[in-house]
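Accompanying notes for the structure given below.
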Amino acid sequence: MVVNLAESDEQIIECFSTISQLRPHLKKENFAEQVRRQQQDGYQLAFIKVDNQVVAVAGFFISESLRYGQFLYVYDLVVDENVRSKGYGKDIFEWLVDYGKSKGCNVLRLDSGVQRFDAHRFYFRQRMKIASYHFSLSL
């Protein structure tokens with residue numbers, strides 16, 4: 001399976017229908033603009049396309065912290081609901097792991113909503129562990 005990084009506005013917009021299943025608040029008319037702003041801070045959008053349709057998307061960035069050193073953080077990871085359980089999630093996840101290793105990362109991290117039980121089962125199958133609680137406060 002080929003994973004590509006979205007570089008053009010056209011590629012970014014092609015990812016919208018899949019990523020909006022995870023992030024339904026997003027609007028197509030300003031999606032490319034928002035991704036472009038985030039890319040200025042290192043955000044990247046990876047995708048798998050099959051038969052001219054984006055079937056999996058991962059939004060991520062590489063950063064560094066005192067705790068982890070260099071790490072890859074996944075903000076968004078979604079497989080189109082119409083083609084789940086066909087291995088696309090595993091393919092893009094393994095690509096993220098390999099990409100992180102190739103960039104010198106020690107850890108792959110992500111947060112997952114407490115209600116996303118199917119996603120949690122997938123992450124456990126990928127050998128991930130619950131490493132901490134993530135707390136938030138709306139401002």
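Heads up: numbering here begins at 1 and tracks the sequence.
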What distance do [X] atom [atom1] and [Y] atom [atom2] have between them, rounded to the nearest 0.5 Å?
X	Y	atom1	atom2	result
Ser17	Lys28	OG	NZ	7.0 Å
Leu108	Gln126	CG	CD	10.5 Å
Glu14	Asn52	CD	CG	7.0 Å
Asp76	Thr18	CG	OG1	12.0 Å

Which atom names give the shortest non-hydrogen contact between [X] and [Y], and what distance separates them?
X	Y	value
Gly104	Gln70	O-CB, 3.5 Å
Ile62	Cys105	CG2-SG, 3.8 Å
Ala46	Leu5	CB-CD2, 4.0 Å
Val83	Tyr88	O-CD1, 3.7 Å

- [ ] Please name the residue in the list Gln34, Arg36, Gln40 that meets the side-chain hydrogen bond (donor to acceptor under 3.5 Å, both in side chains) test with Gln38.
- [x] Gln34
Task: Residues Leu110, Ser112; criterion side-chain contact (heavy atoms from CB on, under 4.5 Å); working and verdict - done: CA-CA 7 Å; Leu110 60 80; Ser112 180; 4.3 Å; yes
Task: Close side-chain approach of Phe122 and Met128, heavy atoms under 4.5 Å - done: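 Of all side-chain heavy-atom pairs linking Met128 with Phe122, none is under 4.5 Å.
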TODO: Measure up the Phe117 and His120 rings against each other and bin them: parallel (under 30°), tilted (30 to 60°), perpendicular (over 60°).
DONE: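 Perpendicular.
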Task: Main-chain N/O of Leu72 paired to Arg109 side chain as donor or acceptor, under 3.5 Å - done: no
Task: Any donor-acceptor pair under 3.5 Å from Asp80 side chain to Asn82 backbone - done: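 Answer holds: yes.
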Task: Within 6.0 angstrom of Gln115 CD, more than 12 heavy atoms from elsewhere - done: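 Buried by this count: over 12 neighbours within 6.0 Å.
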Open item on the list: Does Lys49 have more than 12 heavy atoms from other residues, nucleotides or ligands lying within 6.0 Å of its NZ?
Closed with: yes
TODO: Report the C-alpha distance between Asp118 and Arg84 in whole Å, list the side-chain angles of each, state the deciding distance to 0.1 Å, and finish with yes or no for salt bridge (Lys or Arg N to Asp or Glu O under 4.0 Å).
DONE: CA-CA 11 Å; Asp118 291 339; Arg84 290 192 181 145; over 6 Å; no
Task: Val35: hydrophobic cluster co-members (side-chain, 4.5 Å) - done: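 Ile12, Phe16, Ile19, Leu22, Leu26, Phe31, Tyr43, Leu45, Phe47, Val54, Val57, Phe61, Tyr68, Phe71, Tyr73, Tyr75, Val78, Val107, listed by chain and number.
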Open item on the list: Using the rule that Ile, Leu, Val, Met, Phe, Trp and Tyr join whenever any side-chain heavy atoms are under 4.5 Å apart, tell me whether Leu77 and Phe124 fall into a single cluster.
Closed with: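 Cluster IDs for Leu77 and Phe124 differ.
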TODO: Go through Ile48 and Asp91 one step at a time and tell me if the side-chain contact (heavy atoms from CB on, under 4.5 Å) criterion holds.
DONE: CA-CA 9 Å; Ile48 296 174; Asp91 290 339; 3.8 Å; yes
